[in-house]
Asks: 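Just passing along the structure, written as structure tokens.
Letters A, B, ... mirror the listed sequences (proteins, then strands); counts begin at 1.
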Protein chains: 2
Amino acid sequence: MPTDRKALINDIRRFNRLYTGLIGLLDETFLHSAYTLTEARVLFELGRRPGHIAPVAGGKTGFLARALQLDLAPAASEIARALQLDAGYVIRILRKFSAAGLTETRSGPDVMRRRILSLTQRGLAALTSLQAAADRDLARLTAALGDEEAVELSDMLARLSSLLDTAVASDRLEMP
Amino acid sequence: MPTDRKALINDIRRFNRLYTGLIGLLDETFLHSAYTLTEARVLFELGRRPGHIAPVAGGKTGFLARALQLDLAPAASEIARALQLDAGYVIRILRKFSAAGLTETRSGPDVMRRRILSLTQRGLAALTSLQAAADRDLARLTAALGDEEAVELSDMLARLSSLLDTAVASDRLEMP
DNA sequence: GCAGAAAACTTGGCTATGTCAACTATTTAG
DNA sequence: CTAAATAGTTGACATAGCCAAGTTTTCTGC
């Protein structure tokens with residue numbers, strides 16, 4: 001292995017340590033909320049998927065939809081995959097949400113298709129409030145940065161995301 | 001709040017999502033090892049602190065040492081703080097390590113100062129093996145990147161660490 | 001359109017992870 | 001010397017999250 005790769009790996013490890021600590025700090029926001037950390041993540045994930053906010057009436061979840069990468073696939077399993085969580089665990093969280101009136105299953109005439117979830121107004125409100133809290137903390141955290149540094153940081157994060165995406169994607173292809 | 005700050009916060013959130021997923025992938029390395037994720041983190045932390053590998057005989061842990069930021073402070077509490085874990089929890093992990101012969105408490109002539117830990121040869125071996133596994137995974141992950149990209153990534157991580165350090169540090173000062 | 005495969009859902013049981021409160025021992029500050 | 005901090009220690013407890021096994025629903029090949 002070339003030297004620069006060793007250096008890179010070392011740098012990633014160092015950064016990992018730093019960022020893990022930072023995430024720990026930011027997560028406190030959620031711990032002070034009415035939801036657990038994972039519940040919050042699930043809530044965010046529900047909000048991120050338009051298909052779950054406003055499900056297409058009668059939308060098919062079959063081969064075609066999947067091929068087109070439509071976001072209409074069943075909720076629990078998809079969220080579990082996205083967040084790397086156990087499916088059973090996610091189901092329980094979703095049921096808790098449902099019981100709290102945050103989500104609803106707008107089942108059309110076809111009762112079987114019970115899996116498509118959507119956020120209720122109440123769920124959307126909960127999400128918005130969580131987002132606001134998280135934003136407030138991030139604003140506080142980045143308050144010390146100058147305007148130039150802020151822009152620099154944004155640019156780096158974007159580039160970094162792109163690089164990591166490439167890496168992760170090709171890693172996935174190799175070892176599925 | 002200026003527009004660029006909102007953009008920055010959004011970018012951070014996006015990056016957070018990506019990186020959280022990445023960390024989840026990398027953590028699998030440890031889950032497949034003989035240690036749990038947290039145990040592995042504690043082991044790494046022990047290895048990171050030279051004071052714990054080779055404690056200075058008779059080293060003082062008092063006011064002076066603290067003022068000079070010497071790394072001779074008691075093990076458990078320090079590790080707990082660094083990793084944001086409960087002290088009692090850390091103690092138990094450390095005892096488990098001790099029982100497995102990974103660490104030892106080399107108490108000097110002063111019996112009272114029973115807190116300084118060090119890794120045994122066996123502990124060091126365990127750590128080395130874990131590091132190797134983690135390195136292997138990181139190498140695989142970054143294999144798809146070109147040499148130029150690797151260097152670019154290293155540079156960005158360093159710069160990013162510096163920016164985040166600044167932010168976190170001044171955040172701590174404001175709200176201790 | 002039907003049989004079997006694949007994928008999603010669901011549940012119970014379990015371990016690891018982590019919290020909390022209480023108490024003791026030691027160290028530091030005044 | 002005394003107070004207050006700081007560390008360590010322990011038990012009891014709660015939660016998070018995984019696993020395996022079973023059920024239901026959807027997809028695929030014929």
Side-chain angles (χ1 to χ4, degrees), chain A residues 20 24 27-28 30-42 52 58-68 70 72-99 103 105 107-108 110-117, chain B residues 20 24 27-28 30-42 52 59-68 70 72-99 103 105 107-108 110-117 176:
Chain A
T20 301
D27 284 350
E28 281 179 33
F30 300 123
L31 295 182
H32 296 155
S33 80
Y35 307 95
T36 69
L37 177 57
T38 311
E39 283 169 356
R41 292 181 70 204
V42 171
H52 295 303
K60 291 273 184 218
T61 64
F63 157 77
L64 185 61
R66 208 173 293 159
L68 294 174
L70 293 184
L72 301 174
S77 60
E78 201 187 355
I79 290 178
R81 243 196 315 279
L83 302 183
Q84 293 167 194
L85 293 172
D86 179 76
Y89 185 32
V90 171
I91 289 252
R92 274 176 257 251
I93 291 178
L94 289 177
R95 237 206 302 286
K96 200 171 155 189
F97 282 175
S98 179
T103 59
T105 20
S107 47
D110 190 347
V111 189
M112 301 314 168
R113 197 184 309 119
R114 71 180 92 140
R115 299 142 158 193
I116 297 182
L117 285 171
Chain B
T20 301
D27 283 350
E28 279 179 33
F30 300 122
L31 295 181
H32 296 154
S33 80
Y35 308 95
T36 69
L37 178 57
T38 313
E39 284 169 354
R41 291 181 70 204
V42 171
H52 295 303
K60 291 274 184 220
T61 64
F63 157 76
L64 186 61
R66 207 173 295 162
L68 292 174
L70 293 183
L72 301 174
S77 61
E78 200 187 357
I79 290 178
R81 244 197 315 278
L83 301 183
Q84 294 165 199
L85 294 173
D86 178 78
Y89 186 32
V90 171
I91 289 252
R92 274 177 256 253
I93 292 178
L94 289 177
R95 235 206 301 287
K96 200 171 156 190
F97 282 174
S98 179
T103 60
T105 20
S107 43
D110 189 348
V111 188
M112 302 314 169
R113 196 185 308 120
R114 72 180 91 140
R115 301 137 157 196
I116 297 183
L117 286 171

Asks: Among C/dT17, C/dG18, D/dA16, which nucleotide has an atom closest to any side-chain atom of B/Leu37?
Replies: C/dT17
Asks: To the nearest 0.5 Å, tell me how far A/Arg41 CZ sits from A/Leu85 CG.
Replies: 5.5 Å
Asks: Applying a 3.5 Å limit to both distances, which nucleotide forms a Watson-Crick or G-U wobble pair with D/dC13?
Replies: C/dG18
Asks: Rounded to whole angstrom units, what separation is found between the CD atom of B/Glu39 and the C1' atom of C/dT15?
Replies: 12 Å
Asks: Map B/Gly88 and A/Ile91 onto DNA chain C by nearest heavy atom, then report which one ends up closer to the 5' terminus.
Replies: A/Ile91
Asks: Here's a test of your reading of the structure: between A/Leu85 and B/Arg92, which maps to the more 5' nucleotide of DNA chain D?
Replies: B/Arg92
Asks: Using purine N1 to pyrimidine N3 plus N6-O4 or O6-N4 for Watson-Crick, or N1-O2 and O6-N3 for G-U wobble, both under 3.5 Å, which nucleotide pairs with C/dT28?
Replies: none
Asks: B/Tyr35 and B/Ala40: which non-hydrogen atoms are nearest, and at how many Å?
Replies: CB-N, 4.3 Å
Asks: I want to check one thing: is the phosphate of C/dA16, taken as OP1 and OP2, less than 4.0 Å away from some side-chain N or O of B/Thr36?
Replies: no
Asks: What nucleotide, of D/dG17, D/dT9, C/dT10, holds the atom closest to the side chain of A/Ala87?
Replies: C/dT10
Asks: Please report the distance, rounded to the nearest Å, between CG in A/Leu94 and P in C/dA8.
Replies: 14 Å
Asks: Separation of B/Asp86 atom CG from C/dA22 atom C1', in whole Å?
Replies: 13 Å
Asks: Where is the tightest heavy-atom contact between B/Ala87 and B/Ala80, given as atom of each residue plus distance?
Replies: CA-CB, 4.0 Å
Asks: Would you indicate which nucleotide in C/dT10, D/dT10, C/dT19 comes nearest to any side-chain atom of B/Arg95?
Replies: D/dT10
Asks: How many whole angstroms separate atom CD1 of B/Ile93 from atom C1' of C/dT15?
Replies: 14 Å
Asks: Rounding to a whole Å, what distance do you find between B/His32:NE2 and D/dC19:C1'?
Replies: 13 Å
Asks: Could you state the atom-to-atom distance from CG of B/Asp27 to P of C/dT17 in whole Å?
Replies: 11 Å
Asks: What are the two closest heavy atoms between B/Leu117 and B/Ala75, and how far apart are they?
Replies: CD1-CB, 3.5 Å
Asks: Using whole Å, report how far CG of A/Leu31 lies from P of D/dA16.
Replies: 10 Å
Asks: Calculate the interatomic distance between A/Lys96 atom NZ and D/dT15 atom C1'; express it in whole Å.
Replies: 10 Å
Asks: Can you measure from OG (B/Ser98) to CD1 (B/Ile91) and round to the nearest 0.5 angstrom?
Replies: 11.0 Å
